[in-house]
Amino acid sequence: MSGQTLYDKLWNQHLVKQRDDGTALIYIDRHMLHEVTSPQAFEGLRLANRKPWRLDTNLATTDHNVPTTLIERSQGNSGIKDPVSLIQVQTLDDNCVEYGITEFGINDPRQGIVHVVGPEQGATLPGMTVVCGDSHTATHGAFGALAHGIGTSEVEHVLATQCLLTQKMKNMQVRVEGELGLGVTAKDVVLAIIGKIGTAGGTGYAIEFAGSAIESLSMEGRMTVCNMAIEAGARVGMIAVDDTTIDYIGNRPYSPTGEQWEAAVADWRNLVSDPDAVFDNVVTLKAEDIEPQVSWGTSPEMVTGISGQVPDPNAAPDETVQRSHTRALEYMGLQANQKITDIKLDKIFIGSCTNARIEDLREAAKVAKGNKIADSIKLAMVVPGSGLVKRQAEEEGLDKIFIDAGFEWREPGCSMCLAMNADKLGAGEHCASTSNRNFEGRQGYGGRTHLVSPAMAAAAAIAGHFVDVRSLPANDATHAQEA
Amino acid sequence: MKKFERFEGVVAPLDRANVDTDLIIPKQFLKSIKRTGFGVNLFDELRYLDEGEPGQDCSQRPLNPDFVLNKPRYQGAEILLTRRNFGCGSSREHAPWALEDFGFKVVVAPSFADIFYNNAFKNGILLITFDEDTIDRLFDEVEAKEGYRMDVDLENQRVITHRGEILEFEVDEFRKHCLLEGLDDIGLTLKDEDAIRRFEESHRQARPWLFRQPA
C-alpha cells in the first residue's frame with residue numbers, strides 16, 4: 001500500500017463517519033466567523049431552536065465592513081456611516097454576546113482580517129481542521145492544517161453539529177523547485193501557479209504546495225500562497241509542517257505550552273506527505289522561471305511577468321478564451337500587445353488577507369523608503385491586516401516611511417480588497433493591488449484591478465506605472481543585508 | 001428546503017465563461033442579514049446601466065437592453081445555460097440565494113466551482129453538467145428558437161430538450177436524495193449525534209492541545 005498524503009492524514013484524523021453514498025462527516029476543530037456570512041446562520045439556529053455544539057471552537061471578528069480611517073474607527077461601531085454595514089457588524093456583536101462566542105470587536109487591538117487574526121493568535125494550529133464562511137480560509141493550510149472555505153448553510157451546520165458534511169477531494173501537488181530570484185515573492189509564485197493551471201485547474205482537488213522554493217518561504221509567504229488556492233479553483237491549499245511552522249506557533253495566546261507543547265510538536269512532525277504518497281496530479285514549476293507578476297485581466301489566471309505584455313486575444317487557444325480575453329481587455333481599457341510596464345496606475349492598495357502581514361508591509365516599506373509617490377497617483381493606501389500587525393509596524397517605524405512617501409496609513413480590515421466599506425475604486429481607475437481577485441467590479445464599480453506583490457505595488461506607486469522591482473536599488477540593499 | 005419536482009421551464013443563455021460570484025451578486029448587496037430579496041440584484045452590473053445600491057427601488061433603474069435576462073424572450077426563465085467554471089470566486093451563499101430568488105431552479109454548464117456547487121444544492125438549485133460540445137449545441141438551439149424550453153427530470157436524471165432529445169446527466173446520490181425530499185442537512189447529521197460525541201471525546205484524548213483556550 002502506498003503512503004498517505006498530508007491531506008489523507010488530516011482527513012483520516014478527523015473522519016467521524018464515512019457514509020455509503022460517498023459523503024462523510026469530518027470534525028471541525030476551529031470555526032472562524034465574520035459579519036458577512038454568519039447572520040443568516042445564527043438566524044437559522046434560532047429558527048430551529050438549536051444551540052452551538054461547542055462554544056470554545058469559535059472565534060469571531062469584524063473585518064469586511066469596517067471603516068479604515070482613524071477618525072471613523074475612534075468612534076467604534078457608531079463610526080460606521082453606512083447604516084446597512086452598521087447593522088451587519090452590530091448583528092455579529094449581538095450574536096456573539098447572545099451565544100457566548102469570543103469576538104474581537106471593532107476596537108479590540110486583536111481585531112483584524114479573520115485570516116490574519118487566526119494564525120496570529122495561535123488559534124490556527126497544525127493538524128487542525130479550520131473552516132470559515134470565506135473562500136480564503138485556505139490561508140490556514142499554510143500550517144499543515146485542513147482549512148476549507150464554506151457557505152453560510154455550512155456555517156450553520158458547523159455551529160450546530162461541529163462537523164462538516166463533505167466529500168473527500170483528490171490530491172494535487174504543486175511543486176516549485178529551485179531558488180526564487182531577487183525581488184520575487186510568495187505572491188509572484190502563487191500568481192505564476194494560477195497562470196499555469198488556470199482558475200479551474202484545482203477544482204475538486206486539495207492542493208499541497210511543496211518543493212524547495214516553497215520550503216524557503218516564511219510563514220507569511222506560505223499563507224500568501226495557500227490563501228490564493230481558491231483562485232486556482234481549490235477549496236483547500238496546504239503546506240507540510242517544518243521548523244518554520246513550529247517556530248512561528250510558539251508563544252501565541254492559543255498555542256499549547258509545557259508538556260502539551262512537546263507532545264504537540266512531536267505529533268506535528270508527522271504532518272508531511274509520506275515519501276511514497278501518490279498524488280492524482282502533480283504540477284512542477286521552476287523557481288528561476290518566475291518573475292514578478294502582474295495581472296492584466298479580470299480573472300487571476302490572466303497574469304503575466306513584468307517583462308511581458310498584454311496578450312492578443314486572436315492568439316487564444318479556443319473561442320471561449322478568445323471571447324473572455326477580448327471582454328477583459330475592453331473592461332480593463334488595455335490594448336493587445338501593450339507592455340505591462342506601460343500600464344499607468346491611479347490608486348495603490350497594499351492590504352488584504354493575502355498580503356497585509358508584517359513581512360508584506362516590510363517589503364513594501366523597503367521600496368517606499370526615501371521616495372515619494374508619483375503625482376499622478378490619486379490615492380495610495382496601506383491597510384494592516386490586524387491591530388497587532390499595525391502596532392508592530394509602528395514599532396518598526398514602517399508607518400512613518402509610508403506616510404513620508406505619501407501613502408495613507410489606515411486601520412485594519414478587508415478594505416479595498418472587496419470594497420464593502422468606503423474604500424473603493426472609481427470607474428475606469430487602474431489599481432495596483434496586493435489583494436487576490438481582479439474580477440469586474442470587485443474593488444468598485446468599473447474599477448480595474450492589477451494583482452501584484454507588496455513590493456511591486458509600492459514600486460508602482462512611486463513610478464506611477466508598473467516597474468520591475470528587480471531593477472530597484474532597494475532590492476540590492478535588501479539582499480546585501482540578508483546575506 | 002422545498003422539494004425539487006419535475007418541471008418544464010424557459011432556458012436563458014448566458015454566454016460567458018468563469019462567471020464569478022462577484023458578478024452574480026456584487027458585494028454591496030451582501031450587507032443584508034436576510035436570506036431573501038437578492039433576486040432584483042442578480043447580475044446587477046450586467047443587468048442595469050447604473051451602479052446599484054442596497055435598498056434601491058430597482059424598477060426605476062435603467063436596464064441594459066443587451067443583457068440576456070432583460071430580453072423579452074427570456075422572461076420567466078427558470079433554467080440558466082452558461083459556460084465553464086460558473087460560480088468561481090468567493091464562498092458567498094448570496095449567489096445561489098440571488099439565483100433562486102430570481103426564479104432559477106437549474107443551472108446547466110460544462111463545469112462549476114467547488115464551493116458554489118455545494119452552496120447551490122443546499123438551496124435547492126440543481127446544477128447539471130454536460131460536456132462542452134453538448135453545451136455548444138444547446139447554446140445554438142436556445143438562441144435559434146424563441147421560447148426554448150427544457151423538461152428537467154431529476155428523479156430519472158435526464159432533461160428533455162425542446163426538440164425532444166433526451167440528455168442524461170450525473171448527480172451524486174446524496175445530493176439528489178436531499179433535493180427530491182427537500183431535506184435539511186443539519187437534521188440528518190444530528191441523527192449521528194452519538195457518533196460525533198464519541199469521536200470528539202477520543203479526539204480530545206489524543207490531541208488535547210486542539211481544545212486549548214488562552215489562559
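Each chain gets a letter, A, B and so on, in the order its sequence line appears, and its residues count up from 1. Treat the numbers as computed from the prediction; the structure is a model and nothing was measured. What's counted below: heavy atoms across the whole structure, side chains too, no hydrogens, waters or symmetry copies.
Using cut-offs of 30° and 60° on the angle between ring planes, the pair B:Trp209 and A:Trp268 is perpendicular.
Checked for salt-bridge contact, B:Glu193 and A:Lys17 miss the test: no charged N lies under 4.0 Å from a carboxylate O. Remark: B:Arg84 engages A:Asp318 in a salt bridge, criterion side-chain N to carboxylate O under 4.0 Å.
No donor-acceptor pair under 3.5 Å is formed between the side chain of B:Lys34 and the backbone N or O of A:Pro39. Checked by atom type and distance alone, the side chain of B:Arg92 never pairs as donor or acceptor with a backbone atom of A:Thr37 at under 3.5 Å. In this structure a side-chain-to-backbone donor-acceptor pair under 3.5 Å is present from B:Glu93 to A:Ser153. A donor-acceptor pair is defined here as one N or O able to donate and one able to accept, closer than 3.5 Å; such a pair exists between the side chain of A:Gln88 and the backbone of B:Leu30. Not a single donor-acceptor pair under 3.5 Å links the side chain of B:Glu45 to the backbone N or O of A:Tyr445. A donor-acceptor pair is defined here as one N or O able to donate and one able to accept, closer than 3.5 Å; such a pair exists between the side chain of B:Arg212 and the backbone of A:Ser255.
Nearest heavy-atom pair across B:Leu210 and A:Pro126 is CD2-O, 4.2 Å. Nearest heavy atoms, B:Ser90 versus A:Ser135: CA-OG, 3.5 Å. The minimum heavy-atom distance linking B:His94 with A:Gln40 is given by the pair NE2-NE2, 4.0 Å.
Using a 4.5 Å heavy-atom cutoff, the side chains of A:Glu154 and B:Asn119 are in contact. The shortest side-chain heavy-atom distance between A:Ile230 and B:Ile115 falls under the 4.5 Å cut-off. At a threshold of 4.5 Å between non-hydrogen side-chain atoms, the residues B:Arg197 and A:Gln162 do not count as touching. By the 4.5 Å heavy-atom criterion applied to side chains, A:Leu25 and B:Thr189 are counted as neighbours. In this structure, the side chains of A:Asp82 and B:Lys31 come closer than 4.5 Å at one or more pairs of heavy atoms. Using a 4.5 Å cut-off on side-chain heavy atoms (C-beta onward), B:Phe174 and A:Leu165 make contact. For the pair A:Thr203 and B:Tyr117, the minimum side-chain heavy-atom distance is 4.5 Å or more. Using a 4.5 Å heavy-atom threshold, the side chains of A:Gln13 and B:Arg207 count as touching.
Here B:Asp184 is the residue among B:Asn123, B:Leu23, B:Asp184 with the most heavy-atom pairs under 4.5 Å with chain A. Interface remark: of the candidates B:Asn118, B:Asn18, B:Asp44, B:Asn118 forms the most heavy-atom pairs closer than 4.5 Å to chain A.
Using modelled atom types, one finds a donor on one side chain and an acceptor on the other under 3.5 Å when comparing B:Glu200 with A:Trp53. For the 3.5 Å distance criterion, the side chains of A:Asp29 and B:His203 qualify, holding a donor opposite an acceptor.
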